[in-house]
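Both ligands and their constituent atoms are indexed starting at 1 by order of listing.
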Amino acid sequence: MAGNITFTMIKPEAMRKGAAGAILKMIQEAGFEIIALKMKQMSTKDAEEFYAVHKDRPFFDGLISFMTSGPIIAAVLKKENAVEDYRKLLGTTNPETADEGTIRKAFATNVTMNAAHGSDSDDNAAIETAFHFDKNEIIE
Ligand code: UDP
Ligand code: MG
């Protein structure tokens, strides 16, 4: 199963814009199968743990307050080469440089409020999936 799942979150600003349905549609039309899905309000502790790798970066505090500013949708996506293919569908971190046809080009507001998250490696996909979902919440 290594290599065929990734983890995504639809971030609070995309939720506020009402873009969740359109983002899930783009995900499915790109050939990903949604094998787990939930809406959730992240606590400050959750967000600090999820983004711990960025704790010394200047944008960390802003990122944590943004990610806790409203609910997110968390999902696990299945497809061959899921991590790399989903990063392509997502577009660059800064939406100013994101290609046409990507989720961030279509729905991001700025580099912080960039519509959605995508895992950056198979290891992190597994860690992030386990952070948000119990085994029995994943339908394969
Ligand atoms: N971020 C930010 N400012 C930056 C870089 C990143 O606010 O200069 C936020 C943004 O929401 C991004 C998240 O921190 O999605 C995690 O950063 P990372 O470099 O891992 O980008 P990603 O993997 O999400 O493209
Ligand atoms: Mg990242």
Side-chain angles (χ1 to χ4, degrees):
M1 135 135 181
N4 72 353
I5 67 143
T6 193
F7 171 80
T8 188
M9 285 188 288
I10 300 173
K11 298 187 180 185
E13 135 271 9
M15 297 290 284
R16 280 191 283 273
K17 281 183 185 170
I23 292 172
L24 292 172
K25 184 164 188 256
M26 284 175 81
I27 288 170
Q28 289 182 308
E29 287 181 347
F32 295 87
E33 184 188 351
I34 297 168
I35 62 168
L37 187 74
K38 71 168 69 155
M39 185 161 79
K40 164 171 182 174
Q41 171 67 51
M42 290 177 89
S43 66
T44 298
K45 184 170 166 282
D46 287 337
E48 286 176 349
E49 191 179 332
F50 187 87
Y51 284 113
V53 66
H54 296 305
K55 68 177 183 323
D56 296 325
R57 307 285 291 279
F59 60 81
F60 184 72
D61 289 350
L63 175 62
I64 299 311
S65 49
F66 165 56
M67 287 302 296
T68 56
S69 67
I72 56 103
I73 282 178
V76 183
L77 311 178
K78 186 173 177 180
K79 183 183 187 294
E80 204 174 298
N81 203 35
V83 166
E84 194 184 332
D85 286 3
Y86 188 61
R87 294 289 306 196
K88 276 191 202 138
L89 179 62
L90 203 49
T92 52
T93 306
N94 187 339
E96 284 173 24
T97 58
D99 289 337
E100 288 296 336
T102 63
I103 290 170
R104 284 170 167 170
K105 178 72 178 183
F107 297 111
T109 301
N110 57 43
V111 68
T112 300
M113 296 188 255
N114 59 5
H117 168 84
S119 307
D120 63 5
S121 67
D122 291 342
D123 284 352
N124 283 334
I127 291 167
E128 293 170 0
T129 293
F131 184 86
H132 283 278
F133 291 97
D134 292 334
K135 276 211 170 71
N136 66 4
E137 294 177 305
I138 299 167
I139 316 294
E140 288 202 80

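Among protein heavy atoms, atom 10 (C) of ligand 1 sits closest to Val111 O, 3.2 Å. In terms of protein heavy-atom proximity, atom 25 (O) of ligand 1 is closest to Thr93 OG1, 2.5 Å. The protein heavy-atom contact nearest to atom 3 (N) of ligand 1 is Phe59 CG, 3.4 Å. With respect to atom 9 (C) of ligand 1, the closest heavy atom belonging to the protein is Leu63 CD1, 3.8 Å.
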Exercise. Would you sort out whether Lys55 and Glu48 count as a salt bridge (charged side-chain N to carboxylate O under 4.0 Å, His left out), showing the intermediate values?
Key: CA-CA 8 Å; Lys55 68 177 183 323; Glu48 286 176 349; over 6 Å; no
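In terms of N/O distances under 3.5 Å, ligand 1 is not approached by Tyr51.
Proximity to Lys11 (heavy-atom distance under 4.0 Å) selects the following atoms of ligand 1: 10 (C), 11 (O), 12 (C), 15 (O). Under a 4.0 Å criterion applied to the non-hydrogen atoms of His54, ligand 1 contributes the atoms 16 (C), 17 (O), 18 (P), 19 (O), 20 (O).
Panel note: side chain Lys105, backbone Pro95; no donor-acceptor pair is recorded below 3.5 Å.
Using a 4.0 Å cut-off between charged side-chain N and carboxylate O, Glu33 and Lys79 make no salt bridge.
Under a hydrophobic-cluster definition in which Ile, Leu, Val, Met, Phe, Trp and Tyr are linked whenever side-chain heavy atoms come within less than 4.5 Å, directly or via other members, Phe107 and Phe32 are assigned to the same cluster.
Residue Met26 holds its CE atom at 6.5 Å from OG1 of Thr102, rounded to the nearest 0.5 Å. From Phe133, atom CZ reaches atom CZ of Phe7 across 6.0 Å, with rounding to the nearest 0.5 Å. The distance from the CD1 atom of Ile35 to the CG atom of Leu77 is 8.0 Å, given to the nearest 0.5 Å.
One option in Met113, Arg87, Arg104, His117 has a heavy atom closer to atom 23 (O) of ligand 1 than any other, and that option is Arg87. When the heavy-atom distances from atom 7 (O) of ligand 1 to Asn124, Ile64, Thr112 are ranked, the shortest goes to Thr112.
At least one heavy atom of Asn114 sits less than 4.0 Å from an atom of ligand 1.
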